[in-house]
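Worksheet for the structure shown next.
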Amino acid sequence: MKTVQTNGAPAAIGPYSQGVIVNNMFYSSGQIPLTAEGVMVEGDIKAQTYQVFKNLQAVLEEAGASFETVVKATVFIKDMNDFAALNEVYGEYFSVHKPARTTVEVARLPKDALVEIEVIALVK
C-alpha cells in the first residue's frame with residue numbers, strides 16, 4: 001500500500017491521506033473545492049465542481065492515473081437541484097470515457113462545500 005501526496009491539491013484536513021494505491025488501483029479521498037493552498041472556492045456549483053476536478057486531476061497524476069483510467073466516481077452533492085449544472089462540468093472531464101458513478105444528495109459537506117467527489121482509478 002502506498003500513500004499519495006501532492007502539493008497540487010489541498011492537504012488533508014483530518015487524519016487521512018489524499019489517496020492510496022493498492023496493487024494497481026488508486027482510491028482517492030473525497031475532494032472538495034479547496035484550492036491547493038486550502039482556500040475555499042466561492043461561487044455556484046459549477047465553480048466549485050471545476051475546483052474539485054482540478055484537485056482530482058492533481059492526485060490522479062501523482063498516483064500515475066488519469067481521468068481516462070477512472071473506473072468509479074462517487075459524487076456527493078448538497079442540493080440535487082444542482083445536478084444538471086454539476087453534470088455539465090462532469091461531462092467535460094468524462095465525455096468519451098464514462099466511468100461508473102454514484103451520486104448522493106447529502107445534508108452537509110466539509111467546509112459547507114456544495115460538492116465532493118471521490119474516484120477509484122486504474123494506475124497505469
Side-chain angles (χ1 to χ4, degrees):
M1 189 165 32
K2 178 184 172 194
T3 300
V4 173
Q5 158 48 43
T6 177
N7 292 331
I13 56 174
Y16 58 90
S17 62
Q18 292 172 327
V20 175
I21 299 170
V22 177
N23 296 325
N24 62 337
M25 298 301 294
F26 171 65
Y27 301 84
S28 82
S29 290
Q31 293 294 318
I32 62 172
L34 289 175
T35 65
E37 298 75 31
V39 177
M40 189 69 170
V41 169
E42 298 297 326
D44 64 7
I45 189 72
K46 284 185 174 184
Q48 290 199 6
T49 304
Y50 278 117
Q51 182 62 48
V52 167
F53 272 99
K54 184 175 181 181
N55 297 343
L56 286 170
Q57 184 168 13
V59 295
L60 283 164
E61 286 177 2
E62 185 66 24
S66 68
F67 289 121
E68 291 76 33
T69 67
V70 170
V71 295
K72 175 76 165 56
T74 305
V75 178
F76 303 96
I77 187 169
K78 180 155 185 182
D79 184 350
M80 202 55 85
N81 291 319
D82 289 335
F83 186 74
L86 177 132
N87 261 345
E88 284 182 43
V89 177
Y90 186 96
E92 292 179 31
Y93 294 88
F94 295 116
S95 59
V96 176
H97 169 64
K98 293 177 176 60
R101 180 176 88 177
T102 301
T103 303
V104 180
E105 182 181 66
V106 296
R108 194 167 181 207
L109 290 166
K111 306 254 183 209
D112 290 320
L114 301 177
V115 61
E116 180 173 6
I117 302 174
E118 64 184 27
V119 295
I120 300 170
L122 185 64
V123 175
K124 297 176 188 173

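Side chains included, hydrogens not; waters and symmetry mates left out as well; all remaining heavy atoms used.
- When side chains are defined from C-beta on, T3 counts as touching S17, because their heavy atoms get closer than 4.5 Å.
- One side chain, E92 or Y50, offers a donor N or O that lies under 3.5 Å from an acceptor on the other.
- Proximity of T102 to V75: side-chain heavy atoms (C-beta onward) are nowhere separated by under 4.5 Å.
- When side chains are defined from C-beta on, K72 does not count as touching V70, because their heavy atoms never get closer than 4.5 Å.
- One distance of note links NZ of K124 with OG of S66; it measures 3.5 Å at 0.5 Å rounding.
- Formation of a donor-acceptor pair under 3.5 Å by the Q31 side chain with backbone atoms of L56 is not found in this model.
- The aromatic rings of F53 and F94 sit perpendicular to each other, their planes meeting at more than 60°, with 30° as the lower class boundary.
- Within the 4.5 Å cutoff, no side-chain heavy atoms of L114 are placed close to those of D79.
- Counting only heavy atoms from C-beta outward, the side chains of L34 and V41 never approach each other to under 4.5 Å.
- Note that the OH atom of Y93 and the OG atom of S95 stand 11.5 Å from one another [nearest 0.5 Å].
- Rounded to the nearest 0.5 angstrom, I21 CD1 and M1 CE are separated by 11.5 Å.
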Apply side-chain contact (heavy atoms from CB on, under 4.5 Å) to S28 and Q18, showing your working.
-> CA-CA 6 Å; S28 82; Q18 292 172 327; over 6 Å; no

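- Checking V89, N87, I77 one by one against T49, the side chain to side chain contact (heavy atoms under 4.5 Å, CB included) holds for a single residue, V89.
- By the rule that hydrophobic residues join a cluster once side-chain heavy atoms approach within less than 4.5 Å of another member, I117 and V71 end up as members of separate clusters.
- Between the D82 side chain and the A85 main chain, no donor and acceptor come within less than 3.5 Å of each other.
- Rounded to the nearest 0.5 angstrom, L86 CG and M80 CE are separated by 9.5 Å.
- Not counting sequence neighbours, A11 has no partner by the side chain to side chain contact (heavy atoms under 4.5 Å, CB included) test.
- By the salt bridge (Lys or Arg N to Asp or Glu O under 4.0 Å) test, E68 is found to be paired with no residue, residues two or more places apart in sequence or in another chain being considered.
- Using a 4.5 Å heavy-atom threshold, the side chains of I45 and V115 count as touching.
- Looking at heavy atoms from C-beta onward, H97 lies out of side-chain contact with F67 at the 4.5 angstrom threshold.
- Contact annotation: the side chain of I32 approaches that of K111 to within less than 4.5 Å [non-hydrogen atoms, C-beta and beyond].
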Side chain to side chain donor-acceptor pair (under 3.5 Å) between Q51 and N55, intermediate numbers included | CA-CA 6 Å; Q51 182 62 48; N55 297 343; 2.9 Å; yes

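- Remark: Y27 engages no residue in a ring-ring contact (aromatic ring centres under 6.0 Å, His included) (not counting sequence neighbours).
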